[in-house]
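Below is one structure, written out as structure tokens; comments come after it.
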Amino acid sequence: MTEYPDKINNEDHLEELLSRPGAELTKMFSRAKGDIMFLGISGKIGPSLAKMARRACENTGEKKRILGVALQIDPEQQKCFGKMGIETIQGDLLDKDFIESLPAFRNIFFLAGMKFGSVENLP
């Protein structure tokens, strides 16, 4: 069982805890075949999940390509992803041509969502 501290010191400490893979997750990634794509990586949980996946793969020695896709990716966040070896692509997941242009990946996490009240932006 994972133990957590009584106090979280700062945002970096929180992110480290959120992206720490447990033994079960590390085992899952050791068995998963192929690379990993996160659609909607810039959302609330996307960055932590992608970092967790990268860390789990590193724990197993697996060399997997991890790609994050989002409509908008903050430049600082993109730099952080790059330092961790997570590639990023910006594009509209509602654009069929963009979706068809994405590379084929075996493992896809669909994290994309729509903010409440944003239905007027649908095609």
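Counting begins at 1 with the first residue of the sequence.
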Considering all heavy atoms, the nearest [X]-[Y] contact:
X     : Y     : answer
Glu62 : Ser30 : OE2-O, 3.8 Å
Asp12 : Asn10 : N-OD1, 3.1 Å
Ile86 : Gly68 : CG2-N, 4.4 Å
Ala56 : Thr26 : O-CG2, 3.8 Å
Leu93 : Phe98 : CD2-CE2, 4.1 Å

>> Determine whether a donor-acceptor pair (N or O, by modelled atom type, separation under 3.5 Å) exists between the side chain of Lys64 and the backbone of Ala53.
In response: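 Judged by distance alone, no pair lies under 3.5 Å.
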May I ask whether [X] and [Y] are part of the same hydrophobic cluster, defined by side-chain heavy atoms of I, L, V, M, F, W, Y residues being less than 4.5 angstrom apart, directly or through others?
X      : Y     : result
Leu111 : Leu94 : no
Met84  : Leu25 : yes
Ile108 : Ile66 : no
Met52  : Tyr4  : no

> Got a sec, which pairs hit ring pair (Phe, Tyr, Trp, His ring centres under 6.0 Å) with one end in residues 57-92, sequence neighbours left out?
Replying inline: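 As it turns out, there is no ring pair (Phe, Tyr, Trp, His ring centres under 6.0 Å) pair with a partner in residues 57-92 once direct neighbours are skipped.
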> Please, which pairs that meet ring pair (Phe, Tyr, Trp, His ring centres under 6.0 Å) have at least one residue in residues 46-74, sequence neighbours excluded?
Replying inline: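 Found none.
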> Roughly how far, to the nearest 0.5 Å, is the CG atom of Leu39 from the CG atom of Leu71?
Replying inline: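 So the CG of Leu71 and the CG of Leu39 are separated by 12.5 Å.
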Under 3.5 Å, side-chain donor or acceptor atoms of residues 40-51 against the rest of the protein: list the pairs with distances, not counting sequence neighbours.
| unit_1 | atom_1 | unit_2 | atom_2 | d |
| --- | --- | --- | --- | --- |
| Ser42 | OG | Gln72 | O | 2.9 |
| Ser42 | OG | Gln77 | OE1 | 3.4 |
| Ser48 | OG | Glu15 | OE1 | 3.0 |
| Ser48 | OG | Glu15 | OE2 | 3.1 |

>> Using side-chain contact (heavy atoms from CB on, under 4.5 Å), reason through Ile73 and Ile89 one step at a time and then give a plain yes or no.
In response: CA-CA 8 Å; Ile73 303 173; Ile89 296 176; over 6 Å; no
Listed by chain and number, what are the salt bridge (charged side-chain N to carboxylate O under 4.0 Å, His left out) partners of [X], not counting sequence neighbours?
X      : value
Glu100 : Lys96
Lys63  : none
Lys79  : Glu76

>> So, using ring-ring contact (aromatic ring centres under 6.0 Å, His included) as the criterion, who are the partners of Phe38 when residues are at least two apart?
In response: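 By the ring-ring contact (aromatic ring centres under 6.0 Å, His included) rule, Phe38 matches Phe109.
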>> Run the side-chain contact (heavy atoms from CB on, under 4.5 Å) test on Ile36 and Leu67 for me, step by step, so that the C-alpha distance in whole Å, both residues' side-chain angles and the decisive distance to 0.1 Å come before the verdict.
In response: CA-CA 6 Å; Ile36 305 159; Leu67 176 66; over 6 Å; no
Kindly write out the residues that satisfy side-chain hydrogen bond (donor to acceptor under 3.5 Å, both in side chains) with [X], not counting sequence neighbours, or none if the list is empty.
X      : result
Arg106 : none
Ser19  : Arg55
Arg54  : none

> Got a sec, which pairs hit salt bridge (Lys or Arg N to Asp or Glu O under 4.0 Å) with one end in residues 32-41, sequence neighbours left out?
Replying inline: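 Checked against salt bridge (Lys or Arg N to Asp or Glu O under 4.0 Å) - neighbours excluded - no pair reaches residues 32-41.
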> Under the side chain to side chain contact (heavy atoms under 4.5 Å, CB included) test, which residues partner Pro75, sequence neighbours left out?
Replying inline: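 Applying side chain to side chain contact (heavy atoms under 4.5 Å, CB included) to Pro75 gives none.
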> Run the side-chain contact (heavy atoms from CB on, under 4.5 Å) check on Met37 and Asn107 step by step: do they pass?
Replying inline: CA-CA 6 Å; Met37 182 186 303; Asn107 303 289; over 6 Å; no
